[in-house]
Chemist: 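Got a structure here, written out as structure tokens. Questions coming.
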Amino acid sequence: AQKVTQAQTEISVVEKEDVTLDCVYETRDTTYYLFWYKQPPSGELVFLIRRNSFDEQNEISGRYSWNFQKSTSSFNFTITASQVVDSAVYFCALNQAGTALIFGKGTTLSVSS
Amino acid sequence: GAGVSQSPSNKVTEKGKDVELRCDPISGHTALYWYRQSLGQGLEFLIYFQGNSAPDKSGLPSDRFSAERTGGSVSTLTIQRTQQEDSAVYLCASSLVAQASTPGELFFGEGSRLTVL
């Protein structure tokens, strides 16, 4: 069975701090896909990244970076120099081809000025 | 519009009534998902349609819940004999699966907020 665990329910930081959101997953398949989504206060979910299980290269996009480590079944998300606009709920998700995308319970990030 | 459209955006109903929630996916998207998000909770998977394959109904919480997708496009989620615990935001998402083996990015609608009194 697939499972995604986001152990951090809520995180509060001050602007310009770096913050890492943890994601640990469980799957028996060797081919799978990992995602991060952002849900701002407006409510609509926004896709951030997709990574397949064969690509362990870390990825950086502006202030966002992702660290995928199969050895620990983790796909952590780091925001560098956080900003108030980063305040949102962040979801990690997992699926295999042809199956439903399963989400973690989310981490609520609050960035204060 | 170009995005996923859901209606109604808000629905207030009395316990025991049936409700229907509608989702118009992005044109050409072969995969369609329904999720439920209760206050302060994560996204709970309900049902998944992929092309002409039999839907994955493994997330439906009870037999009061059902969904269909007509003509591979519009989907309707039906909740019969609603209960107060059904109160939540029901989110629909669609994706374009370019290859059978590669899940696509999900595009979400704004959701239908259901309140059962």
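Throughout, protein chains are lettered first and strands after them, A, B, ... in sequence-line order, and every chain is numbered starting at 1. Owing to the predicted nature of the structure, the values given are computational and were not obtained by experimental measurement.
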Chemist: Side chain, backbone, both or neither: which part of B:Glu105 has an atom under 4.5 Å from a heavy atom of chain A?
Modeler: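 For B:Glu105, the contact with chain A is made by backbone and side chain together.
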Chemist: Check the hydrophobic clustering (I, L, V, M, F, W, Y; side-chain heavy atoms under 4.5 Å; chains of links allowed) and say if B:Trp34 and B:Val4 are grouped together.
Modeler: no
Chemist: Apply side-chain contact (heavy atoms from CB on, under 4.5 Å) to the pair B:Leu106 and A:Phe35, showing each step before the final yes or no.
Modeler: CA-CA 10 Å; B:Leu106 264 62; A:Phe35 298 75; 5.7 Å; no
Chemist: Using non-hydrogen atoms and a 4.5 Å limit, figure out which bit of B:Ile47 sits close to chain A: side chain, backbone, both or neither.
Modeler: neither
Chemist: Is the count of non-hydrogen atoms from other residues, nucleotides or ligands lying under 6.0 Å from B:Leu117 atom CG greater than 12?
Modeler: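 Atom CG in B:Leu117 is packed in, count exceeds 12.
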Chemist: Shortest non-hydrogen contact from B:Tyr33 to A:Leu101?
Modeler: CE2-N, 3.5 Å
Chemist: Please indicate whether B:Glu110 has more than 12 foreign heavy atoms, meaning atoms of other residues, nucleotides or ligands, lying under 6.0 Å from its CD.
Modeler: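 Counting neighbours around CD of B:Glu110, 12 or fewer heavy atoms of other residues, nucleotides or ligands fall under 6.0 Å, so no.
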Chemist: Please classify the contact of B:Tyr35 with chain A as side chain, backbone, both or neither, using a heavy-atom distance under 4.5 Å.
Modeler: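 B:Tyr35 touches chain A through side-chain heavy atoms alone.
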Chemist: Checking heavy atoms, do the side chain of A:Gln39, its backbone, both or neither come under 4.5 Å from chain B?
Modeler: side chain
Chemist: In terms of heavy-atom proximity below 4.5 Å to chain A, should B:Tyr48 be classed as side chain, backbone, both, or neither?
Modeler: side chain
Chemist: Using the rule that two of Ile, Leu, Val, Met, Phe, Trp, Tyr join whenever any of their side-chain heavy atoms come within less than 4.5 Å, decide whether B:Phe65 and B:Leu21 are in one cluster.
Modeler: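 In one cluster with B:Phe65: B:Leu21, yes.
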Chemist: With a 4.5 Å cut-off on side-chain heavy atoms, are B:Leu43 and A:Leu45 touching?
Modeler: yes
Chemist: Does the side chain of B:Gln37 reach to within under 4.5 Å of the side chain of A:Phe103, using non-hydrogen atoms?
Modeler: no
Chemist: Answer yes if B:Leu96 and B:Phe107 sit in the same cluster of Ile, Leu, Val, Met, Phe, Trp and Tyr residues linked by side chain heavy atoms under 4.5 Å apart, and no otherwise.
Modeler: no
Chemist: Would you indicate whether the side-chain heavy atoms of A:Ile102 and B:Phe45 approach each other to under 4.5 Å?
Modeler: yes
Chemist: Rounded to the nearest 0.5 Å, what separation is found between the CZ atom of B:Phe108 and the CZ atom of A:Phe47?
Modeler: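 Spacing of CZ (B:Phe108) from CZ (A:Phe47) equals 11.5 Å.
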Chemist: Identify whether B:Val19 and B:Leu77 are in the same connected component of the hydrophobic contact network (ILVMFWY, side-chain heavy atoms under 4.5 Å).
Modeler: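 The answer is yes; both residues are in one hydrophobic cluster.
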Chemist: In terms of hydrophobic clusters joined by side-chain contacts under 4.5 Å, are A:Val24 and A:Leu34 together?
Modeler: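 They do not share one cluster, since no chain of ILVMFWY contacts under 4.5 Å joins A:Val24 to A:Leu34.
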